[in-house]
Amino acid sequence: MIRRSLLGLLALFLFSACSDKIETPQGPVERTVLMFFPWAPDLSPYTKKNIADMESVVAAEALRNERLLVFSMTGQTTAELFELRYDRGRCVRVWKKDYTPAPDVTSAEGIAAMLGDLQRLAPASRFAMTIGCHGMAWLPARSAARAAGQPGFRYKEYWEYAGSGGPLTRWFGGSSSKTDIAALAEGIRSAGMKMDFILFDDCYMASAEVAFALRGVTDHLVASTSEVMAAGFPYAAIGPCLVGQTDYGGVAQAFFDFYSAYEYPYGTVSTIVCSQLDALAEVMARINERFEFDSADLSALQRLDGYSPVCFFDLGDYVRQLCSDPALLAEFETRLEQAVPAAFRRHTPEFYSMSNGINPIRTFSGITVSDPSVHPWTVSAKLSTEWWQATHR
């Protein structure tokens, strides 16, 4: 685990760019952005730094007809909602609501309740959100802990390697309270919202299965194909790209620049254009009708996780080794570029996993898929995903 000075963290908390302020009524704006932090106590020092970094963005007057709110779980059953607002050269925290108990944000109903408060307390024409915690792509919340078929045997999840001497990485929903992607999608839909973007500051969320499940509730999905170092997205650098007219290429470049110079120089990032996913799935279905992957060739595929067997493979590399029809492959490549533009994706030469350490990246399309995976977590569960059902007729 990365060690940080307790004194330094205390100083960060005390001398944040923001101070508390009593609410002043404010009418609807063009867009409200929510930073959502589920309960993940091991990441608490890092998420506080994430908020402080966005405070510095607000203090620099980056918001234009836009509001920025934070919903942060302070315990398993408690939370707070506050706004970051510019005020005479500084950022102030405007407290909106304390939750005791907090809504169950592992459920669609709880997510809808949280978003209902957001709409009521910070009305806007459009919305967007970031989610900062741990993540495991599309895997059902209960499946990742299942036994691998042998009595008493169980695969370790990546955060369980904490304390082994390596750096900490980031789970969607926290290590003790996990949220299914379907619940997130249904919660947003029930709230009557569609996001401009959802940014997952979590591990493994840039996957075809995740993006396809969320395509009806967000226009863009910003995420990593691999594990994200505990520091998370560098909000001081990417914040100006997120607010106003969102610059997805700028987000990717700022992320890459930060992690290229970081003490742990490992990171992958991409933006998936969700409106292009149905067309991508359609050509993928035609490829699957004609070709079947030989599992003996799995070791030749670009892995983007540290598991054994691998759960998440690079989608572009998988299809290039699956499809031998040049015309059909060219059509797929066109659709893939439209769904995950090269301008919106970046990666360091290697990625890091708490499970197996440093891994090389030889090819990168910015999106993973579990279709060829033979991991016990995936073999049955993937058949129920919307992506699988749309691409296997």
Exercise. When you look at H220 and Y248, which way does the ring pair (Phe, Tyr, Trp, His ring centres under 6.0 Å) test go after all the steps?
Worked result: CA-CA 9 Å; H220 299 86; Y248 297 104; 4.3 Å; yes

Seminar exercise, completed: By ring pair (Phe, Tyr, Trp, His ring centres under 6.0 Å), F313 pairs with (sequence neighbours left out) none

Seminar exercise, completed: Residue pairs meeting ring pair (Phe, Tyr, Trp, His ring centres under 6.0 Å), one or both in residues 268-298, sequence neighbours left out, come to F293-Y318

Exercise. Taking S373 for the side chain and V310 for the main chain, is one N or O donor matched with an acceptor at less than 3.5 Å?
Worked result: yes

For this session: Applying side-chain contact (heavy atoms from CB on, under 4.5 Å), run through M284 and V319 and close with a yes or a no.
Result: CA-CA 8 Å; M284 189 75 240; V319 175; 3.6 Å; yes

Problem set entry | Chi angles and distances behind the side-chain contact (heavy atoms from CB on, under 4.5 Å) call for I51, R93 | CA-CA 11 Å; I51 296 169; R93 289 189 179 188; 3.8 Å; yes

Exercise. Will you find, in the side chains of Y235 and D201, an N or O donor that is under 3.5 Å from an N or O acceptor?
Worked result: yes

Exercise. Taking only residues two or more places apart in sequence, or in another chain, which ones meet F351 in a ring pair (Phe, Tyr, Trp, His ring centres under 6.0 Å)?
Worked result: none

Exercise. Roughly how far, to the nearest 0.5 Å, is the NZ atom of K97 from the CG atom of L81?
Worked result: 8.5 Å

For this session: Let me see the working for F233 and F255 under ring pair (Phe, Tyr, Trp, His ring centres under 6.0 Å), right down to the final yes or no.
Result: CA-CA 7 Å; F233 276 59; F255 181 99; 4.8 Å; yes

Problem set entry | Nearest-0.5 Å distance, CE of residue M114 to CD1 of residue I188 | 8.0 Å

Problem set entry | Sub-4.5 Å side-chain heavy-atom contact between V217 and M195 | no

Exercise. What do the steps show when you test S370 against T378 for side-chain hydrogen bond (donor to acceptor under 3.5 Å, both in side chains), and what is the final call?
Worked result: CA-CA 7 Å; S370 296; T378 68; 5.8 Å; no

Exercise. For the side chain of T334 and the backbone of A330, is there at least one donor-acceptor N/O pair under 3.5 Å apart?
Worked result: yes

Exercise. Within the distance-only criterion (no hydrogens, no angle test), does the side chain of E209 pair as donor or acceptor with the backbone N or O of K382 below 3.5 angstrom?
Worked result: no

Exercise. What is the ring orientation for Y262 with Y259, classed by angle as parallel under 30°, tilted 30 to 60°, or perpendicular over 60°?
Worked result: perpendicular

Exercise. Any sub-3.5 Å donor-acceptor pair from D305's side-chain atoms to F312's backbone N or O?
Worked result: yes

Exercise. Does any N or O in the side chain of D294 come within less than 3.5 Å of the main-chain N or O of D297, such that one atom is a donor and the other an acceptor?
Worked result: no

For this session: Please examine the side chains of L63 and V33, heavy atoms only from C-beta on, and report whether any two atoms are closer than 4.5 Å.
Result: no

Exercise. Do I111 and T179 come within less than 4.5 Å of each other through their side chains, counting heavy atoms only?
Worked result: yes

Exercise. So, S226 side chain and L304 main chain: donor-acceptor pair closer than 3.5 Å or not?
Worked result: yes

Exercise. Strictly by modelled atom types, are H375 and Y307 linked by a side-chain donor-acceptor pair under 3.5 Å?
Worked result: no

For this session: Ignoring hydrogens and angles, state whether a donor on the side chain of R335 or Q276 is under 3.5 Å from an acceptor on the partner side chain.
Result: no

For this session: Run the numbers on F37 and I131 for side-chain contact (heavy atoms from CB on, under 4.5 Å), then give the verdict.
Result: CA-CA 6 Å; F37 296 100; I131 303 175; over 6 Å; no

Exercise. Given the rule in the salt bridge (charged side-chain N to carboxylate O under 4.0 Å, His left out) test, do R320 and E333 qualify, once you have shown the distances and angles that lead to the verdict?
Worked result: CA-CA 9 Å; R320 289 173 204 125; E333 295 283 11; 2.6 Å; yes

Problem set entry | Test item: F258 and I238 side chains (from C-beta on) under 4.5 Å apart, heavy atoms | no

Exercise. Is the backbone N or O of L214 less than 3.5 Å from a side-chain atom of T218, with the two atoms forming a donor-acceptor pair by type?
Worked result: no

Exercise. Is there a chain of hydrophobic side chains (I, L, V, M, F, W, Y, each step under 4.5 Å between heavy atoms) that links M229 to F256?
Worked result: no

For this session: Give the intermediate values and the outcome of salt bridge (charged side-chain N to carboxylate O under 4.0 Å, His left out) for residues R64 and E66.
Result: CA-CA 5 Å; R64 293 287 185 272; E66 200 163 27; over 6 Å; no

For this session: Answer whether the closest heavy-atom distance between the side chains of T368 and L315 falls below 4.5 Å.
Result: no

For this session: For V283 and L280, work out which heavy atoms get closest and say how close.
Result: CG1-O, 3.2 Å

Exercise. Under the ring pair (Phe, Tyr, Trp, His ring centres under 6.0 Å) rule, what pairs show up with a residue in residues 48-83, not counting sequence neighbours?
Worked result: F36-F71, F71-Y99, F82-W95

For this session: Could you check T268 against T225 for side-chain hydrogen bond (donor to acceptor under 3.5 Å, both in side chains), going step by step and ending with a plain yes or no?
Result: CA-CA 6 Å; T268 65; T225 59; 3.0 Å; yes

Exercise. Do the charged groups of K96 and E80 touch, with an N to O distance under 4.0 Å?
Worked result: no

Problem set entry | Shared-cluster residues of W388, by chain and number - hydrophobic side chains joined below 4.5 Å | L383

For this session: With rounding to the nearest 0.5 Å, note down the distance linking OG in S260 to CZ in R346.
Result: 10.5 Å

Exercise. Salt bridge check: are R345 and E337 linked by an N-O gap of less than 4.0 Å?
Worked result: yes

For this session: Just grab all the salt bridge (charged side-chain N to carboxylate O under 4.0 Å, His left out) pairs involving residues 278-289, residues at least two apart or on different chains.
Result: R215-D278, E282-R286, E282-R393, R286-E331, E289-R393

Problem set entry | Distance (rounded to the nearest 0.5 Å) between D196 CG and Q245 CD | 9.0 Å

For this session: Report the C-alpha distance between F200 and L221 in whole Å, list the side-chain angles of each, state the deciding distance to 0.1 Å, and finish with yes or no for side-chain contact (heavy atoms from CB on, under 4.5 Å).
Result: CA-CA 8 Å; F200 281 108; L221 189 151; 3.9 Å; yes

Exercise. Would a distance-only check, ignoring hydrogens and angles, find a side-chain to backbone donor-acceptor pair under 3.5 Å from T47 to N50?
Worked result: no

Exercise. Between R90 and E55, is a salt bridge (charged side-chain N to carboxylate O under 4.0 Å, His left out) present by the stated rule, with each step listed?
Worked result: CA-CA 9 Å; R90 61 182 184 139; E55 290 172 343; over 6 Å; no

Exercise. Between E227 and S353, do the side chains contain an N or O donor and an N or O acceptor separated by less than 3.5 Å?
Worked result: yes

Problem set entry | Test item: R31 side-chain N/O and A128 main-chain N/O as donor-acceptor pair under 3.5 Å | no

Problem set entry | Common cluster, Y264/V228, ILVMFWY with side-chain heavy-atom separation under 4.5 Å | yes

Exercise. When rounded to the nearest 0.5 angstrom, what is the spacing between OG in S56 and CG in L84?
Worked result: 10.5 Å

Exercise. Closest approach of D314 and G316, non-hydrogen atoms and distance?
Worked result: OD2-N, 3.1 Å

For this session: Give a yes or no on whether a salt bridge exists between R290 and D325, defined as a side-chain N under 4.0 angstrom from a carboxylate O.
Result: yes

Problem set entry | Test item: D219 side-chain N/O and F197 main-chain N/O as donor-acceptor pair under 3.5 Å | no

For this session: Give the cluster check for F364 versus Y204: same hydrophobic cluster or not, with ILVMFWY residues linked at side-chain heavy-atom distances below 4.5 Å.
Result: no

For this session: Indicate yes or no: does R126 engage E30 in a salt bridge with an N to O separation below 4.0 Å.
Result: yes

Seminar exercise, completed: Rounded to the nearest 0.5 angstrom, the CG-CD1 distance for L328 and I287 is 4.5 Å

